[in-house]
Number of protein chains: 2
Amino acid sequence: MKEGPDIAQIGSLIGDPARANMLTALMGGRALTATELAAAAGVTLQTASAHLSKLEAGGLLAQRKQGRHRYFALADDRVGKLLEGIMGFAASRGHLRHRPGPKEPALRKARICYDHLAGDYGVRMLDSLIETGSISVMGEGLSLTARGEKHLGSIGIDVSGLRSNRRPLCRSCLDWSERRAHLAGSLGKALLSNFFDKGWARRTENSRSIFFTPEGERRFLALFPLEPGDGHPQSGLDENL
Amino acid sequence: MKEGPDIAQIGSLIGDPARANMLTALMGGRALTATELAAAAGVTLQTASAHLSKLEAGGLLAQRKQGRHRYFALADDRVGKLLEGIMGFAASRGHLRHRPGPKEPALRKARICYDHLAGDYGVRMLDSLIETGSISVMGEGLSLTARGEKHLGSIGIDVSGLRSNRRPLCRSCLDWSERRAHLAGSLGKALLSNFFDKGWARRTENSRSIFFTPEGERRFLALFPLEPGDGHPQSGLDENL
DNA sequence: TTCATACTTCGATCGTAACCGAAGCATCTC
DNA sequence: GAGATGCTTCGGTTACGATCGAAGTATGAA
């Protein structure tokens, strides 16, 4: 039969638990050293080294040498999208890896998805942007309105600068915990960076979850209000789970 | 670390060559028996049976008993989308499973992707629909215009009937061979069925490729004309590889 | 009932890949 | 230079899962 691309190869790359743990850790968006990834995967350094070689040879990872450290990161955002897609599918089938632990709620509330905000807060942000007319929904796609450009400009997002980027401005990304869409693309990245810069939120160690300060949380919720009782303004974006 | 859904489990399901062959064969859209799938995977019936049990337990396959046959199919179109996504990724990394063989050109020209048309012809069809104003592109999404509804109605597609369906009407699907988008969704399915019903094209045995009759090919190309020299009318849809 | 077909289950084999200890190489610090 | 840290390579063990032969079950045909 031998038809089409070899899905078995990348399946087996993702299929090993140690490698899957590494990839999941790297979904946090920042580059990690081999030692950190070994800890994340729960294996020794030698084993991790072998896994990392395979992942790199398979085109999933990129590495950058820096002094005596070797930093690994996802090769590009297509890898992130692929992984989030598989996560969404796995979540929909109930293949959760764990009994819900103490870190689970934080992860569902706000986490990083490659480079943008996901989880309850991520979904809320997109919902609010749509509800207030900053982003319009067209079929499966999203586009920033003139009103939205002004709105985001007022909080310090340089939209025209982002437009010159090759990467799409708005993109929807299916959230595995909420099973609805959140905002990806260069705008999604810029918004999350903005929150970090302002000190509203920060990354947490060893986890994809994002910690909001009380003040940051207050400001975030005020900036992205939601009409009470109207939980699902995203027409056509949440049907695919 | 143990965060999020278990991507390793579904990765390992897809990661075995025999199972990957089975899934690829089932991307053809029709249900196959265990014996047929064993042949497709190149393993004995006992081995195939074990694989099919795992795939079903993992939620990738659904089975239907019919007499003494047991038919297997992809569980739903989300599985198809997941697989096509992985195929697209694998193709972009050059993980082709084979040296290009004799069946390869036919597969690139026209093939079935779960239930709709893919390959060169699939991409052409969407390009033409966009160029003639039947479908409009909005960000990453697609929507059928009033003009398009009339146009397709004239060839026997009942668009209003499709709209009542829960499944989205238009959806773009990334084509692994062309690396551009083709039309999925209920409309994509309806169009391919229409071609089959009219006798323009038919499925081929043991392959995902679609055979067009000379007459059908002529009609198809006439129905979906393309401005010469304008190869890439899809703005924003082909950037993601 | 008898036979054939379609498939599953059992049991055993076998190959591969994950794994780690130990040693080796590279880079930084002092 | 000496020592420490970060990582890779080598070699050998081990465990898991893919595989198939043989036997067992279910459905249909004669």
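Values reported hereafter were calculated over all heavy atoms of this structure, with side chains retained and with hydrogens, waters and symmetry mates removed. Chain letters run A, B, ... following the sequence lines, proteins first, then strands; residues in each count from 1.
Spacing between atom CG of B:L32 and atom C1' of C:dA6 amounts to 15 Å, rounded to whole angstrom units. Whole-Å rounding puts the A:I14 CD1 to C:dA18 P distance at 14 Å. If you take CD of B:Q9 and P of D:dG17, they are 11 Å apart, rounded to a whole angstrom. Atom-to-atom, CE of B:M22 to C1' of D:dT19 comes out at 12 Å; the value is rounded to the nearest Å. Computed from coordinates, the A:L45 CG to C:dG24 P distance equals 17 Å when rounded to whole Å. Put simply, CZ on B:R64 is 16 Å from C1' on C:dA6, counting in whole angstrom units. The separation between A:Y71 atom OH and C:dT27 atom P is 16 Å, rounded to whole Å. Atoms CG (B:L52) and P (D:dG17) sit 18 Å apart, rounded to a whole Å.
For C:dC19, the OP1/OP2 oxygens have a side-chain nitrogen or oxygen of A:H51 closer than 4.0 Å. For the OP1/OP2 pair of D:dG6 and a distance below 4.0 Å, the side-chain nitrogens and oxygens of A:T35 include no atom meeting the criterion. Remark: B:S49 is in phosphate contact with C:dT8, judged by side-chain N or O atoms under 4.0 Å from OP1 or OP2.
Taking the side chain of A:T44 as heavy atoms from C-beta on, and the options D:dA18, C:dG21, D:dT8, the nearest nucleotide is C:dG21. The side chain of B:R70 has C:dT8 as its nearest neighbour among C:dT8, C:dG21, D:dC20. The side chain of A:H69 lies closest to D:dG6, out of C:dC20, D:dG6, C:dA18. Across C:dT8, D:dA18, D:dG6, the shortest atom-to-atom separation from the side chain of B:D16 is found for D:dA18.
Residues A:K54 and A:K65 each lie close to DNA chain C; by heavy-atom proximity, the contact nearer the 5' end of the strand is made by A:K54. Positionally, the nearest nucleotide of DNA chain C for B:Q63 lies more toward the 5' end than for the other of B:Q63 and A:Q46.
Counting any heavy atom pair closer than 4.0 Å across all strands shown, B:A18 reaches sugar-phosphate atoms only and no base atom. Within 4.0 Å (heavy atoms only), A:S53 reaches no atom of the nucleic acid at all.
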Show the atom names and distances, to 0.1 Å, of all donor-acceptor pairs under 3.5 Å that link a side chain in residues 51-61 of chain A to residues at least two apart or in another chain.
{"residue": "A:H51", "atom": "ND1", "partner": "A:R19", "partner atom": "NH1", "Å": "3.1"}
{"residue": "A:S53", "atom": "OG", "partner": "A:S49", "partner atom": "O", "Å": "3.0"}
{"residue": "A:E56", "atom": "OE1", "partner": "A:Q63", "partner atom": "NE2", "Å": "2.8"}
{"residue": "A:E56", "atom": "OE2", "partner": "A:Q63", "partner atom": "NE2", "Å": "3.3"}

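Within the 4.5 Å cutoff, side-chain heavy atoms of A:L169 are placed close to those of A:V159.
Comment: A:R171 does not engage A:E84 in a salt bridge, judged by the lack of any side-chain N to carboxylate O separation of less than 4.0 angstrom.
Note: A:F195 and A:F212 have tilted aromatic rings, judged against thresholds of 30 and 60 degrees for the angle between ring planes.
No more than 12 heavy atoms of other residues, nucleotides or ligands lie within 6.0 Å of CZ in A:R219, so this atom counts as exposed by the packing criterion.
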